[in-house]
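Single-structure report; data block below.
Note that this is a predicted model, so its numbers are computed, not measured. Numbering of ligands and ligand atoms starts at 1, following listing order. Along the sequence shown, residues carry numbers from 1.
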Amino acid sequence: MKNYKYMKKAFIFDLDGVIVDTAKYHYLAWKKLANQLGFEFTKEQNELFKGVSRKRCLEILLDIAKIEATQEDFNRWMIEKNVDYLKFIENMDASEILADVPRVLQFLKDHKIPIGLGSASKNAKPILEKVGLLSYFDAIVDGNNVTKAKPDPEVFLLAANHLGVKAQDCVVFEDAVAGIEAANAANMTSIGIGDANVLSKAQFNFTDFTEISTDFMNDLI
Ligand code: B16
Ligand code: MG
């Protein structure tokens, strides 16, 4: 007997921290820039950057170092960081996909459920291509398509729109607090991937996809 509370019609995935762990490459690129500007940037500080747009990350970085930049410096550092980041992700491949993500994607494909991406990254598409997952996605909404960053729901609402599904019929997988807030604000079912204490506003919590059973997925669809 179907649980009529759910019957979800589309699933939207965040990228960094959900499908792949690109946070470590973002960290290396931001650290390189920080060191070049004469200060240290720690892994703990990098936590603040998860799910946050590139522009906002640089603003936070400069705040940490109490550096006042001209618009010209700011723009140049944004470009430099991204050039370095692209070098770090150049050789990414399928081995970097987080555990059991392909199993859940395949489950959705097998059940003909539309799949979307909702990421803050402007590099989302090439990353999905490198790791060989691009063909799973029916809609990709990323940092190139939105004007408002998470926790604004724009990215997920746009993805639902592209998938042709009502917001309340969508499920979102997210690893960032701002992403969970965005999913909740969009009136979607939010699933936190990571530390349940940090992602306490999520409707469901899992440490990673290995904890997501087929029974659970069956209950949702
Ligand atoms: P880019 P997500 C986010 O990806 C990252 O978590 C965040 O650290 C990064 O600053 C942001 O993408 C922008 O990335 O510089 O590639 O445009 O978690 O929203 O998939
Ligand atoms: Mg993320």
Quiz item: N/O of Asn123 under 3.5 Å from N/O of ligand 1, yes or no?
Solution: yes
Original post:
Are any non-hydrogen side-chain atoms of Val20 and Ile127 less than 4.5 angstrom apart?
Top reply: yes
What's the verdict on side-chain contact (heavy atoms from CB on, under 4.5 Å) for Tyr136 and Ile19, showing C-alpha distance, side-chain angles and the deciding distance? CA-CA 12 Å; Tyr136 279 102; Ile19 295 176; over 6 Å; no
Do Tyr27 and Phe49 come close enough that some side-chain heavy atom pair is under 4.5 Å? no
Is the closest heavy atom of Gly17 to ligand 1 under 4.0 Å?
no
Under 4.0 Å between heavy atoms, the region of Thr22 that gets near ligand 1 turns out to be neither
*asked:* Please confirm whether Glu174 approaches ligand 1 to less than 4.0 Å, judged on its heavy atoms.
replied: no
Looking at Asp175, the N/O/S atom that lies nearest to the Mg ion (ligand 2) is called OD1
Review point. Backbone or side chain, does any N or O of Arg54 fall under 3.5 Å from an N or O of ligand 1?
Key: yes
Got a list of side-chain donor-acceptor pairs under 3.5 Å for residues 160-174, not counting sequence neighbours?
residue : atom : partner : partner atom : Å
Glu174  : OE1  : Ala176  : N            : 3.0
Glu174  : OE2  : Lys150  : NZ           : 2.7

A student checking ligand 1 against Leu15 at a 4.0 Å heavy-atom cut-off should list atoms 20 (O)
Examine Gly118 against ligand 1 and note whether any of their N/O atoms are separated by less than 3.5 Å. no
Sub-4.0 Å heavy-atom contact, Cys57 with ligand 1
yes
| said: Take a 6.0 Å sphere around NZ of Lys201 and say whether it holds more than 12 heavy atoms from other residues, nucleotides or ligands. | reply: no
The protein heavy atom nearest to atom 2 (P) of ligand 1 is Asp14 OD1, 3.0 Å
| Is any side-chain N of the basic residue among Arg54 and Glu59 closer than 4.0 Å to the acidic one's carboxylate O? | no
Taking 4.0 angstrom as the limit, do Glu40 and Lys31 come out as a salt bridge? yes
Whether over 12 other heavy atoms sit under 6.0 Å from Lys130 NZ | yes
Residue, atom and distance of the protein heavy atom nearest atom 10 (O) of ligand 1 read Val52 O, 2.6 Å
re atom 19 (O) of ligand 1, the protein heavy-atom contact at minimum distance is Ala120 N, 2.7 Å
With heavy atoms and a 4.0 Å threshold, my read on which part of Lys122 contacts ligand 1 is both
When Lys50, Gln45, Lys43 are each screened for side-chain contact (heavy atoms from CB on, under 4.5 Å) with Glu47, the one that passes is Lys50
Atom 4 (O) of ligand 1: closest protein heavy atom, distance to 0.1 Å, is Asp16 CB, 3.5 Å
*asked:* Looking at Lys125, I'd like to know if its NZ atom is crowded, meaning that more than 12 non-hydrogen atoms belonging to other residues, nucleotides or ligands lie closer than 6.0 Å.
replied: no
Discussion item. Between Asp100 and Arg103, does any side-chain N to carboxylate O distance fall below 4.0 Å?
Written reply: yes
*May I ask you to test the Leu128-Leu15 pair for a side-chain heavy-atom distance under 4.5 Å?*
yes
query: If we only count N/O pairs under 3.5 Å, is Tyr85 in contact with ligand 1?
result: no
The Mg ion (ligand 2) -> Asp16, closest N, O or S atom is O
Near Phe49 (heavy-atom distance under 4.0 Å), the atoms of ligand 1 are 7 (C), 8 (O)
| Nitrogen or oxygen of Ser121 less than 3.5 angstrom from that of ligand 1 | yes
Restricting Asp14 to its N/O/S atoms, the closest one to the Mg ion (ligand 2) is OD2
